[in-house]
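What follows is a set of notes on a single structure, which appears directly below.
Note: hydrogens, waters and symmetry copies are ignored here, and every other heavy atom, side chains too, is used. Just so it is clear, the structure is predicted and the values come from calculations on it, not from any experiment.
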Amino acid sequence: MKTLNLFAGYHFPMSVYRKTFEAGGITQLSLDFSSTCNYRCDWCFNGSDLNNDGDDILTLSERVLLLEDARALGARTLVVPGTGEPTLDPYFRETIEAAHERGLISVVYTNLTGRVDENLLAWMRDHGVSLGVKLDSFKEEHFLERYHTTKKQYGRFISNLKSAIQVYRNTAVKLGENKVAHRIIANSVLTRENMDELPAIAQYCEEVNLPLFVRPVKAVDWAKEQPSLWKLLGNRDGGQNPEKELTELANEHNTLFSPSSTEENHCAIFSFGLTVKNNGDVQLCPDHHASRGEFNVRKNSLSEIVGSMNARRKIESGYCIMLDQTHAPPINPSPRLFPVKVSVQKVAEE
């Protein structure tokens with residue numbers, strides 16, 4: 001039987017998600033750190049927000065309070081999707097340490113540059129961090145032309161990738177005979193430009209025991225603003241979806257079940273979590289900017305926010321809010337997998 005490779009932080013059985021949801025809580029808390037980034041990826045879904053922190057970002061004490069409230073509502077994972085590069089946040093260590101002290105797994109998606117070095121990698125490993133590594137190419141020109149970064153940062157990435165694999169070696173945990181939760185994975189965006197390199201990337205990942213998840217490039221805001229670039233990278237005909245060849249190639253080389261969903265293929269953050277931007281605004285998922293602003297954790301209690309969102313979630317295997325053009329905030333009530341208790345209670349384990 002084929003081994004099911006899961007990403008630690010998204011590896012919980014459905015019974016955990018069910019129990020927390022029915023109690024009116026959340027299992028995943030997604031929290032953006034600073035928007036500072038040393039990359040400017042052509043297909044970034046946060047492009048307009050990069051390097052644009054205002055004076056109203058959450059303070060460290062506000063973050064810690066948010067972590068405590070989320071933990072009281074059953075949260076088990078802190079997801080750091082990164083509006084920018086998370087390790088450039090001035091309170092990166094303090095926030096991760098606060099999460100670790102409260103029993104949360106931190107999932108950090110990083111380009112492995114920023115302030116990353118071998119010492120930070122070891123520190124993250126020892127503080128419960130699961131590492132999602134951006135790995136689209138090994139070619140220097142790709143970094144220069146598509147990330148709009150420098151040769152120095154390219155060199156740092158190559159060095160830090162080797163260090164990360166070494167530091168996180170033997171950290172995977174067996175969950176059963178054919179199920180493994182990995183604490184480091186590779187996350188790759190596939191375009192028509194780097195598709196020929198994917199077999200070599202997949203072979204490298206296999207050799208170093210690094211589960212790989214490949215997703216075709218998405219046509220989000222940047223594609224509307226740069227249609228010629230979208231045709232070059234995603235779909236020669238300009239259609240909204242990436243070319244079928246990209247999807248098939250991605251599926252062929254995936255060795256990780258998913259970097260962000262339950263084993264039953266529910267979006268863990270949209271179905272069972274909460275996304276908080278770095279100024280406290282709440283939105284449906286890290287990618288769904290259109291839903292931002294109905295709630296803010298400074299103005300509304302977390303239990304109020306979660307209670308309202310849980311009552312309106314669409315929980316369906318394979319469902320993605322980003323692909324559903326019929327939903328706009330506030331979401332219309334939709335069929336639910338589990339009944340919702342309106343009263344929110346503390347469900348964190350002792």
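Of all non-hydrogen atoms in H182 and A172, the two that sit nearest each other are ND1-CB, 3.8 Å. In terms of heavy atoms, L246 sits closest to G234 at CD1-O, 3.6 Å. Smallest separation of non-hydrogen atoms from L232 and R192: O-NH1, 2.9 Å. Of all the heavy atoms in T247 and P242, the pair that sits closest is OG1-CG, 4.3 Å. Looking at every heavy atom in both residues, C41 comes nearest to K134 through SG-CE, 3.7 Å. When all heavy atoms are compared, the tightest approach of S163 to L121 is CB-CD1, 3.8 Å.
Judged purely by atom type and a 3.5 angstrom limit, T87 uses its side chain to pair as donor or acceptor with the backbone of R115. Q226 places no side-chain N or O within donor-acceptor distance of the main-chain N or O of S228, the cut-off being under 3.5 Å. For H11 (side chain) and G9 (main-chain N/O), a donor-acceptor pair under 3.5 Å exists by modelled atom type. Side chain of S137 to backbone of K139: a donor-acceptor contact under 3.5 angstrom is found. No donor-acceptor pair closer than 3.5 Å links the side chain of S159 to the backbone N or O of G155. No donor-acceptor pair closer than 3.5 Å links the side chain of R169 to the backbone N or O of V208. Checking side-chain atoms of N300 against main-chain N and O of N296 turns up a donor-acceptor pair under 3.5 Å.
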Inset, instruction - Please step through side chain to side chain donor-acceptor pair (under 3.5 Å) for the pair H100 and D126, ending with a clear verdict. - result: CA-CA 9 Å; H100 182 60; D126 296 340; over 6 Å; no
Inset, instruction - Start with the C-alpha gap between H266 and M14, add the side-chain angles, then the distance that decides, and say whether side chain to side chain contact (heavy atoms under 4.5 Å, CB included) holds. - result: CA-CA 10 Å; H266 298 93; M14 183 53 68; 3.3 Å; yes
Inset, instruction - Could you check Y168 against V129 for side chain to side chain contact (heavy atoms under 4.5 Å, CB included), going step by step and ending with a plain yes or no? - result: CA-CA 10 Å; Y168 272 80; V129 173; 3.8 Å; yes
Inset, instruction - Could you please spell out the steps behind the side chain to side chain donor-acceptor pair (under 3.5 Å) verdict for E85 and T110? - result: CA-CA 6 Å; E85 164 54 32; T110 174; 2.7 Å; yes
Inset, instruction - Begin with the C-alpha distance, continue with both residues' side-chain angles, and end with the deciding distance and a verdict on side chain to side chain donor-acceptor pair (under 3.5 Å) for Y147 and N111. - result: CA-CA 10 Å; Y147 302 162; N111 63 31; over 6 Å; no
Inset, instruction - Apply side chain to side chain donor-acceptor pair (under 3.5 Å) to T191 and N194, showing your working. - result: CA-CA 6 Å; T191 70; N194 69 345; 3.1 Å; yes
Legend entry - Stepwise side chain to side chain contact (heavy atoms under 4.5 Å, CB included) test for E206 and T255: CA-CA 9 Å; E206 182 179 1; T255 56; over 6 Å; no
Inset, instruction - Could you go through the side chain to side chain contact (heavy atoms under 4.5 Å, CB included) check for L233 and W222 one step at a time? - result: CA-CA 12 Å; L233 298 178; W222 70 270; 4.2 Å; yes
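Within 6.0 Å of CD on E207 lie more than 12 heavy atoms contributed by other residues, nucleotides or ligands. The number of heavy-atom neighbours closer than 6.0 Å to CD of E140, taken from other residues, nucleotides and ligands shown, is above 12. For E94, the CD atom counts as densely surrounded, since its 6.0 Å shell holds more than 12 non-hydrogen atoms of other residues, nucleotides or ligands.
L65 and L67 end up in different hydrophobic clusters when Ile, Leu, Val, Met, Phe, Trp and Tyr side chains are linked at under 4.5 Å. One hydrophobic cluster holds both L212 and M195 under the rule that ILVMFWY side chains link at heavy-atom gaps under 4.5 Å. Both I158 and L120 sit in one connected hydrophobic cluster of ILVMFWY residues. Membership requires side-chain heavy atoms under 4.5 Å apart, directly or through other members. If you chain together hydrophobic residues whose side chains sit under 4.5 Å apart, I184 and V173 never meet in one group. Put simply, L88 and L31 are part of two different groups of oily side chains (I, L, V, M, F, W, Y) that touch within less than 4.5 Å, one to the next.
V217 is listed as a side-chain neighbour of W230, based on a closest heavy-atom distance under 4.5 Å. Under the 4.5 Å side-chain criterion, counting only non-hydrogen atoms from C-beta, L175 is not in contact with L4. L302 is listed as a side-chain neighbour of L274, based on a closest heavy-atom distance under 4.5 Å. Looking only at side-chain heavy atoms (C-beta outward), R298 and L58 come within less than 4.5 Å of each other. Using a 4.5 Å heavy-atom threshold, the side chains of S188 and H253 count as separate. With contacts defined as side-chain heavy-atom distances shorter than 4.5 Å, the pair E294/V282 does not qualify. Taking 4.5 Å as the limit, every side-chain heavy atom of H142 sits out of range of all side-chain heavy atoms of E197. Side-chain atoms of F12 and I105, non-hydrogen and from C-beta on, do get closer than 4.5 Å to each other.
Between Y204 and F138, the ring center distance clears the sub-6.0 Å criterion. A distance of 6.0 Å or more separates the ring centres of F257 and Y10.
Scored by the salt bridge (charged side-chain N to carboxylate O under 4.0 Å, His left out) test, K299 finds no partners at all (sequence neighbours excluded). Evaluation of the salt bridge (charged side-chain N to carboxylate O under 4.0 Å, His left out) rule for R102 yields E68 as partners, not counting sequence neighbours.
We find that E264 and R18 are not joined by a salt bridge, their nearest charged nitrogen and carboxylate oxygen being 4.0 Å or further apart.
To the nearest 0.5 Å, the span separating OG on S35 from CG on D89 amounts to 9.5 Å. To the nearest 0.5 angstrom, I165 atom CD1 is 7.5 Å from C205 atom SG.
Using cut-offs of 30° and 60° on the angle between ring planes, the pair F272 and Y17 is tilted. Using the six-membered ring where Trp is involved, F33 and F92 have ring planes that are perpendicular, over 60° apart on the 30 and 60° scheme. Under the 30°/60° scheme for interplanar angles, the aromatic rings of Y109 and F7 are found to stand perpendicular.
Here the rule is side-chain contact (heavy atoms from CB on, under 4.5 Å) with R146, and of D42, V189, D136 only D42 fits it. The side-chain contact (heavy atoms from CB on, under 4.5 Å) test with F21 is passed by exactly one of V306, I26, I315: I315.
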